[in-house]
Amino acid sequence: MALYAGVIYPATVGWCLVLLVVAIATLVRVRLHPILEWVVTGMWIVTGIQAIAVVIALLSGNDAGIVLTVGYLLATVAVLPLLGIGRLGAPDAAAADPDPNRPVLAPDQIARVDAGAAAIVAVTAAVLAWRIAVLLGAA
Amino acid sequence: MRQQRRIGPSAIHPIGRILLIVAYAVLGLAATGRSVVQITTKLDQAPLPYLVSGASALLYVVIALALWRGWRRVAIAGTVIELVGVLVVGTLGYVAPELWPDETVWTGYGSAYGWVPLALPIIALVVLLRRGAASADAHAAEAS
């Protein structure tokens, strides 16, 4: 639990902050999109480590409600696929979809969609991490 | 009026549309989780707030689906209902607090969610209606 409270939780929230800052920067300067992609990859890794740590904390006899804690953990994982959602608007991907209403995005639009989605996910993931930490008694 | 009926989802700004889908999907996930726990575990303690939470969750999912599938009218109707709901529930929370033994997603005009439930329908309506109006003008110009 000390590891979670002292390292995992602060690192998760810190990475969410990095993601938010890089996302906002990418909205302003689309050239930063490759950096955002690296940060997004890091977000997947950080979330994976967080998930393992939460499961270990629950299995080690924490008093936190399992349903709520696992629910928040699942929500944390569920929002991750929204990162990089702009790729669905790439011409190749849109051409493979019979839906005529599917938007086809230019490269700068893909960067901005990715950035906007990353900002939303960063805030959401930080809030979810905080709620999990409260339930585990680590915050 | 006929020309407005022709306006499809492609008339919605693509970036705005996708980001609205993301925002409503996240809010729908949060509200659904919250309301499912509340309704299944303690509905008898505060039926009105928990049912309102459930209705808001359903509404968020419907709006996200409507934006995704390009059902523009459903999306507009949903966001109008959402905005009215936030304003009514938020106001009733201050005017008649005895009706609300517990909080809903819309309590305090969505303050527990960073006022996103209040801001989001306004942003969505701006995106949906401005683009629609611009497209209607374009259709009118083409027709004349």
Side-chain angles (χ1 to χ4, degrees), chain A residues 20 23 26-27 30 65-91 93-94 97-128 130-132 135, chain B residues 6-42 57 60-61 64-75 105 110-117 119-120 123-124 127-128 131-132 135:
Chain A
L20 179 64
T26 305
L27 278 173
V30 292
I66 287 182
V67 172
L68 272 182
T69 310
V70 172
Y72 281 121
L73 191 59
L74 289 176
T76 305
V77 175
V79 297
L80 287 183
L82 295 173
L83 293 168
I85 196 173
R87 67 186 181 280
L88 298 180
D97 189 347
D99 181 2
N101 296 318
R102 181 160 169 168
V104 181
L105 303 177
D108 65 314
Q109 289 179 316
I110 290 174
R112 289 206 163 89
V113 167
D114 283 349
I120 294 170
V121 170
V123 174
T124 305
V127 172
L128 289 168
W130 168 65
R131 291 298 302 160
I132 290 172
L135 287 169
Chain B
R6 285 183 203 153
I7 298 167
S10 57
I12 306 171
H13 192 284
I15 297 178
R17 180 182 168 198
I18 296 171
L19 291 182
L20 283 174
I21 293 170
V22 171
Y24 274 108
V26 169
L27 209 51
L29 181 71
T32 301
R34 175 184 180 139
S35 60
V36 165
V37 171
Q38 288 175 332
I39 290 172
T40 55
T41 60
K42 47 184 180 180
Y60 289 137
V61 173
L65 187 65
L67 287 164
W68 177 37
R69 299 297 300 166
W71 304 331
R72 186 167 166 272
R73 288 187 167 198
V74 176
V105 174
S111 59
Y113 289 79
W115 288 281
V116 170
L120 198 56
I123 295 169
V127 171
L128 288 165
R131 197 66 184 179
S135 187

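Note: hydrogens, waters and symmetry copies are ignored here, and every other heavy atom, side chains too, is used. In what follows, every chain begins at residue 1, and chains take the letters A, B, ... in the order their sequences are listed.
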Distance from A:Asp114 atom CG to A:Leu82 atom CG, nearest 0.5 Å? 11.0 Å
Do you know which of B:Val22, B:Val37, B:Ile21, B:Val36 has the most heavy-atom pairs under 4.5 Å to chain A? B:Val22
Using side-chain heavy atoms (C-beta onward) and a distance below 4.5 Å, is B:Thr41 in contact with A:Val67? no
If one checks every heavy atom of B:Leu29 against chain A at 4.5 Å, the contacting part turns out to be side chain
Please collect all side chain to side chain donor-acceptor pair (under 3.5 Å) contacts where either partner lies in residues 24-34 of chain B, sequence neighbours excluded, each pair once. B:Tyr24-B:Glu82, B:Arg34-B:Tyr113
Would you list the pairs meeting salt bridge (Lys or Arg N to Asp or Glu O under 4.0 Å) in which at least one residue belongs to residues 103-113 of chain A, sequence neighbours left out? A:Asp108-A:Arg112
If I measure from the heavy atoms of chain A, does B:Leu19 come under 4.5 Å with its side chain, its backbone, both, or neither? both
In terms of heavy-atom proximity below 4.5 Å to chain B, should A:Leu68 be classed as side chain, backbone, both, or neither? side chain
